[in-house]
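Numbered from 1 within each chain, the chains take letters A, B, ... in sequence-line order.
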Amino acid sequence: MIVYIIKRIAAAIATLLVIMAVTFFLMNAIPGSPFLTEKSTPKQIELANAKYGLDKPLIVQFKNYVVNYLKGDLGTSLKMQEGTPVKNIIFHQGKFALSIKLGISALVLAIAVGIPLGCIAAYRRGGALDGFLRVVTTVGVAIPTFVLATLLLILFAVKLEWAPTISGSLTDFRSCVLPVISMSFYYTCYIAKLMRTSMLDAINQDYIRTARAKGVKTRSIVLKHALRNSLIPVITYLGPVIAGIITGSFVIESTFAIPGLGKYYVQCVLSRDYPIIMATTVVLSALVIIMNLVVDVAYKIVDPRISLTTKED
Amino acid sequence: MKEPFAKISPFHVDPEPILEEFDLKDEDFDSASSDEKESMVETHKSVGFWADAFRRFKANTVSMVALFIFIAMLVFAFLGPKLIPYGYAEQFRSAQKLAPMEYSENEQIIRGLEDKCDGYYATVLKPGSLTAVKKGNYFINSDGHIYAFNVAKAWEKVVLIVDNDAENPLVKVKQSDLNEDGTYSEFEAIEYTTEPAADATELKLDTKVFPHVFGTDSAGRDIMARTMYGARVSIIIGLVAAVIVLIIGSIYGSIAGFIGGKVDFVMMRIVELIYSIPEVLIVLLLQVVLKDPLQAWFDAGKSGFALAMKDLGAGIVSIFITFAVLYWVTMARIVRGQVLQLKQQEYVTAATALGASNGRIIRRHLLPNCVGSLVITTCLQIPSAIFLESFLSFLGLGVSAPMASLGSLCSDALETITLYPYRLIFPAIVLTIIVLTLNLVGDGLRDALDPRLKQ
C-alpha cells in the first residue's frame, strides 16, 4: 500500500512536470506579447521582457519556472495585476477557496443525491418513481451545463427573484443554491444512472438471496450488503467527475458572476499573463491528480479484493 | 447395426425398437453423397453478426424511437436549409428581433394581400414575373440586389411597384431613381391587366411569406435557418471528432495490446499521463494558440487540403486537433483491453502459423472482432465532442461568426436572454435532442452488439 502510494506520487510529479512543459510551450506559442498594448513602444516591450526574464532562451525560462516552483515561488503577475505575487492572487484573494468551495459543494451534492436516488430506483425497479428517475437522468445528461445554469438563473433569479442574479463570493446560502445545483445536476444524473445499474447487478447476486432467505430486513440488505459492492463503478467515475467539475466551474463562474479561479483562468489565457496561466494550470492539475489518487485509495477501502500493487486493467 | 449403438450408448439401449419405429434402414446410415449434400434444405438461415445485432436493436423500442428522432434531426440539419427560403447569414433589415411565428411589417402586407386577392392580385405583364407590392415596399438584400418582396426572379435594374391607390397603379422605376426611403419621382407607367394570368397560381406561391418559425435575431437573421445550420456544424464536428478518435485510438490501442511487453508498458504510461491531464486547461490554451497559425496556413492556401480546411474555419479545425491530441485515450484503453483478450484466440495463432504479418493480423483479425466496442465507443464519443464544442463556443472560442454551431447560437442568445429567451431555447432544445438521441442509440447499440453486458 505505502509502496503503491509512493509510486503514484512519483508518477504524479512526473505528470505535473509534463503538464508544466506542455503549458509552458503552448502559452509561449500564443501570438503576441503580454506587454503589447496600443501605446507601448518596442523599446518598452524590450525593457519589460528583460525585467521579467522573458528575453532569456525558452529552455532557461522553463528551468527557472521549475526551480522556482520547487522553492514554492509561483512568480509575479505580468499583466492582470502587475507585480502582485501569483501566490497571493490565487490563494489570498479568495479565488482558489471560492472555486474549491463551489466544486466540493457540487461534488458532495452529486454524491449525496445521486447515490440514494440510484439505490431507490434500482430497488423499486419498474415502478413509477424508477420510470420518472430514468427519464430525468437520461435527459439530465443531455443538457449542457450552461443551458441549465442560464435557465435556472432566468427562472429563479430573474422571474421569481428567489435567488440573487449575481452570486458573488457565495457568502450566504441563497447565493450558493443555483450555482451548486446547476454545476452538480449532470453528475447527479450520471451517478444515479450508474448507481441504478450496478445496484441492480448487486441485488441479483446469490448472497443477497441468501441474506433475504435468512430474513434480513430489506433496508439492511441494501445498506449493508448491496451498497458496498455496487459503489465501485461510481468511485471509478469520480475521477472524471472531479476533472469535469473544474470544467464546469469555468461556465458556472461566468454565468453566476462568481470571481473564482476558472473565470480568471480564461481571462489570463486571453491576456497572456504567463505566470498566472502556469500557476493555475499546475494548481488545478495537482488538485485533479491528488483527487484521483484519493479515489484509487478509496477503492481499496470499499473493496479489499482490489489489489493496488498488481493493478493492470 | 447393433454393434456401434451398444458402444456409444452408456445405458445399453436396444436399438431395434427405435429403428423399427422410425422405419430406418441400414443405408440411412451411409455417409451422404455429394448429390444429397447439395439438395440439403436449409431450415434456418444462418444469422450473421450484423443481422443478429440489428434484430436485437429493432426489438429495443426506446433506441429505435431515438434513432428515428435522430434521423429526423439529420433531415432537419441537412435537408432543412434547402426547404426554407432563408440563409443562415442572410440579414433582413425589416425583420429584426421577431418573436417565433411573428411577421415583419412588410411580410404582413404581403400576407394581407394574399388573403384579400385570392392569390390573383398580381398578374403577369411581361415575361418574367411580378408580385403584389405596395408602394415603397422593397428591400435591399445582402447580395446588393433590390427585391420587391418575394419576386421569383430578381429584378436587378428595375423595380416594379404596384399601388392601387395611386394615380399610376403600376409603375416601373429605375434603381437609380429610387430614393432611400422607397419613394420615387422618375417613373414609367406600365399597362397592365387585372385578369388572372395563365401562371397565376405560380405567382401565388411566389407571394407566400415563409414564417420565421423560431423568430429572428438582432441582425435580422432567421433563427430556424441558423439553428439548422448550427445543428449541421455541430453534427459534423461530432462525427469527424469521433472518427479521429476512432482511428487514432484503435491503431494505438491495438498496437499496444498486440505487441505487449515493454512497448505496451511505455505506450500505456503515455496514455495514463494524458488521461490524468485536466484536458480543459490544455484545450483552452490549444484553442488560443492554434487560431492564428491555422488562419495563416489557410490564407496561404497552398494545398487543396488547406483550402478544404479553410471552409471549416480555424475554430473547428483546432477542435479536431484537440481531439486528436487528447481525447483518443479512452478508445485506446478499450481497444487494448479487447486485443489483449482476442490475441489469445486460436485463430490468431493459426494466422501467425500461416505466416501472416502483425499488421495483417491486427487489420484482418483483431480489429474486426472488436467492432462492437469500436462502434459503441465511437457513437458515445459524438455527443461528448458536441458538448466540448458548445462549451468552447460558450467561452467565446470555437466557431467564429457568421458561422454558427448550436453552442455558439446558445452563447449568442445569452446576451439578450431576459428579453428574448426563445433565442436560447430553440438551439438548446435541438442540442439536447441530438445529444439525448445519440446517447440512447449508443446504449441500444451496446445492448445489441454486446448482449453479455445487458442486465
Separation between SG (B/C410) and CZ (A/F146), nearest 0.5 Å, reads 4.5 Å
Does any heavy atom of chain B fall under 4.5 Å from the side chain of A/V22, the backbone, both, or neither of them?
side chain
Just so I know, are the side chains of A/R134 and B/V62 near enough to count as touching, which here means a heavy-atom distance under 4.5 Å?
no
Please flag which part of A/T23 lies under 4.5 Å from any non-hydrogen atom of chain B: side chain, backbone, both or neither.
both
Part of B/L424 lying under 4.5 Å from any heavy atom of chain A:
side chain
Exercise: identify the closest heavy-atom pair between B/L431 and A/P144
CD2-CG, 3.3 Å
Part of A/I154 within contact of chain B (heavy atom distance under 4.5 Å)
side chain
Distance-minimising heavy-atom pair for B/F394 and A/S254
CE2-OG, 3.5 Å
Out of A/L153, A/T138, A/L151, A/T280, return the one with the most heavy atom pairs under 4.5 angstrom to chain B.
A/T138
Does CZ in A/F25 sit with more than 12 non-hydrogen atoms of other residues, nucleotides or ligands closer than 6.0 Å?
yes
First locate atom CG of B/L273, then atom OG1 of A/T15, and finally report the distance between them rounded to the nearest 0.5 Å.
4.5 Å
Given that the side chain runs from C-beta out, which part of B/I429 has a heavy atom under 4.5 Å from chain A: side chain, backbone, both or neither?
neither
Flag the one option from B/S390, B/A428, B/S411, B/P427 with the top tally of heavy-atom pairs under 4.5 Å to chain A.
B/S390
Using side-chain heavy atoms (C-beta onward) and a distance below 4.5 Å, is A/L26 in contact with B/L286?
yes
How long is the straight-line distance from CG of B/L285 back to SG of A/C268, given to the nearest 0.5 Å?
11.0 Å
So CD1 of A/I143 and CZ of B/F387: to nearest 0.5 Å the spacing works out to 8.5 Å
